[in-house]
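Counting starts at 1 for both ligands and their atoms, following the listed order.
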Amino acid sequence: MKRILVTGGCGFIGSNFIRLQLSEYPEIEVTNLDKLTYAGNLENLKDFESHSGYQFVKGDITDPEVVNSLLDSVDFDAVINFAAESHVDRSILDSGPFIQTNIVGTQVLLDAARKHEVNRYVQVSTDEVYGSLGPEGLFTEQTPIAPNSPYSASKAAADLLVRSYVNTFGFPAIITRCSNNYGPYQFPEKLIPLFISNAQEGKSLPIYGEGTNVRDWIHVMDHCRGIDAALRKGEPGQVYNFGGHAEMQNIEITKLLLKLLDKPESLIEYVTDRPGHDLRYAIDCSKAESELGWKVETDFQAGLKETIDWYLENPEWVNRIRTGKYREYYEQQYGTRLKS
Ligand SMILES: Cc1cn([C@H]2C[C@H](O)[C@@H](COP(=O)(O)OP(=O)(O)O[C@H]3O[C@H](CO)[C@@H](O)[C@H](O)[C@H]3O)O2)c(=O)[nH]c1=O
């Protein structure tokens with residue numbers, strides 16, 4: 001595994017994955033293809049931009065010309081697809097970009113990777129494709145797909161496309177499905193970074209509905225190590241679930257965040273529920289544990305504390321996003337490269 005193409009590598013999980021690859025594997029060459037949407041941030045990989053094993057290409061996975069010319073120019077051993085629209089609330093307001101990037105983008109990548117006979121393809125998916133659980137039970141890789149939001153429907157559609165390429169063409173693809181990630185570089189529209197930033201600024205923390213929805217939280221590096229294990233040790237055609245074994249109600253995690261930040265619970269504001277809000281996600285990872293030798297390494301409380309510290313220590317990163325000034329910053333820092 002020498003040359004890999006990572007799509008969406010300027011996003012939260014993709015950038016952490018690239019950081020892991022470049023830190024762990026001295027011989028690796030990583031090409032990062034990213035469109036730089038609102039959530040793609042070059043700053044996430046600032047410390048690696050002059051690394052000899054790293055190159056950034058600005059481009060859209062839905063554009064067959066861009067993708068095919070990249071695969072013509074480099075003989076990739078693997079493609080790992082992180083590029084996605086990922087925020088459920090945005091998909092409820094406008095599903096268009098989700099259909100384009102998550103479904104059409106996956107189809108373009110699959111066709112190009114198949115044409116170029118790439119030996120390994122990893123589709124980074126989500127536990128949300130399984131739908132919602134009641135108070136008991138876990139999602140396994142056998143749980144039927146039953147997405148409830150436009151976001152999860154677009155991810156499920158992409159997973160089914162991948163499955164069809166495995167079945168029809170013997171294409172060597174693997175699907176990974178993970179629970180809710182937390183950690184450094186997460187765009188502050190998701191629960192944890194949004195609430196840390198709001199609390200720091202003395203703004204309210206909007207809890208949807210009664211706050212009793214349950215999510216299973218995993219540190220992004222544990223997820224990235226899981227994707228790495230699937231890439232290197234996984235069997236083509238297989239699905240692997242990853243989760244953090246850290247289920248919490250939204251209200252519980254919100255109170256914990258406020259406690260760690262030493263901020264008052266009076267900042268909590270109950271607001272109208274998310275339409276079609278999935279009640280609970282919880283995931284069985286025994287297949288990844290037994291077949292890939294993977295396990296969660298980060299203790300949830302310690303990981304959350306470290307994440308809070310990262311946000312507190314990087315106020316410029318947060319503020320440039322929250323004030324909408326990060327585009328200007330990019331152009332100043334990367335103008336020439338962005339145009340090329
Ligand atoms: C942003 C926000 C969220 N929430 C609630 C909704 C959810 O029950 C929970 C977490 O919300 P989010 O951070 O948006 O994440 P969620 O909808 O669970 O989806 C995440 O986790 C999924 C994996 O389960 C990923 O596939 C998605 O890309 C990712 O966005 O907190 C609030 O109560 N208030 C908020 O302001």
query: Mind checking whether Phe139 and Tyr281 have parallel, tilted or perpendicular rings, split at 30° and 60°?
result: tilted
field: Closest protein heavy atom to atom 11 (O) of ligand 1, given as residue, atom name and distance to 0.1 Å
entry: Arg274 NH2, 4.0 Å
statement: ligand 1 to Ile207, heavy atom cutoff 4.0 Å, flagged ligand atoms 33 (O)
- prompt: What orientation do Phe82 and Phe17 show, parallel under 30°, tilted 30 to 60°, or perpendicular over 60°?
  reply: tilted
- prompt: Is a donor on one side and an acceptor on the other found under 3.5 Å between the side chain of Ser15 and the backbone of Phe12?
  reply: yes
field: Protein contact of atom 8 (O) of ligand 1 - nearest heavy atom, named by residue and atom, plus distance
entry: His277 NE2, 2.7 Å
- prompt: Cationic tip of Arg90 within the cone over Tyr38's six-membered ring, i.e. under 6.0 Å and within 45° of the normal?
  reply: yes
Residue, atom name and distance, where the atom is the protein heavy atom closest to atom 24 (O) of ligand 1: Asp127 OD1, 2.5 Å
field: Geometric class of the Tyr334/Tyr330 ring pair [parallel <30°, tilted 30-60°, perpendicular >60°]
entry: perpendicular
query: Of the backbone atoms (N, CA, C, O) and the side-chain heavy atoms from C-beta on, which set of Cys178 has a member under 4.0 Å from an atom of ligand 1: side chain, backbone, both, or neither?
result: backbone
- request: Give the contacting part of Ser86 toward ligand 1: side chain, backbone, both or neither, where contact means a heavy-atom distance below 4.0 Å.
  value: both
task: Go through ligand 1 atom by atom and flag the ones less than 4.0 Å from a non-hydrogen atom of Phe195.
output: 34 (N), 36 (O)
- prompt: What part of Glu128, side chain, backbone, both or neither, has a heavy atom within less than 4.0 angstrom of ligand 1?
  reply: side chain
- line: Looking only at protein heavy atoms, what sits closest to atom 13 (O) of ligand 1 is Leu191 N, 2.8 Å
For Thr126, the ligand 1 atoms whose distance to one of its heavy atoms is below 4.0 Å: 22 (C), 23 (C), 24 (O), 25 (C), 26 (O)
- request: Considering only non-hydrogen protein atoms, determine which one is nearest to atom 34 (N) of ligand 1 and report residue, atom name and distance to 0.1 Å.
  value: Pro206 O, 2.7 Å
task: Take the angle between the ring planes of Trp310 and Tyr185 and call it parallel below 30°, perpendicular above 60°, tilted in between.
output: tilted
field: Cationic N near anionic O, under 4.0 Å, Arg19 to Asp47
entry: yes
task: Check whether more than 12 heavy atoms from other residues, nucleotides or ligands sit under 6.0 Å from atom CZ of Arg163, and answer yes or no.
output: no
- request: Using a 4.0 Å heavy-atom threshold (strictly under), name the region of Leu194 that reaches ligand 1: side chain, backbone, both or neither.
  value: side chain
- line: A student checking ligand 1 against His87 at a 4.0 Å heavy-atom cut-off should list atoms 14 (O)
statement: For atom 5 (C) of ligand 1, the closest protein heavy atom turns out to be Asn250 ND2, 3.4 Å
message: For atom 25 (C) of ligand 1, what's the nearest protein heavy-atom neighbour? Residue, atom name and distance, please.
response: Tyr151 OH, 3.6 Å
- line: For atom 3 (C) of ligand 1, the closest protein heavy atom turns out to be Tyr208 CE1, 3.6 Å
query: If you measure every N/O of Tyr281 against every N/O of ligand 1, is any gap under 3.5 Å?
result: no
message: Show the atoms of ligand 1 that are less than 4.0 angstrom away from any heavy atom in Glu189.
response: 1 (C)
query: Side-chain heavy atoms under 4.5 angstrom apart, residues restricted to Ile, Leu, Val, Met, Phe, Trp, Tyr: same cluster for Phe187 and Trp217?
result: yes
query: Between Tyr329 and Arg320, is there a cation-pi geometry (under 6.0 Å to ring centre, at most 45° from the normal)?
result: yes
- line: CG (Asp77) and CZ (Arg3) are apart, to the nearest 0.5 Å, by 5.5 Å
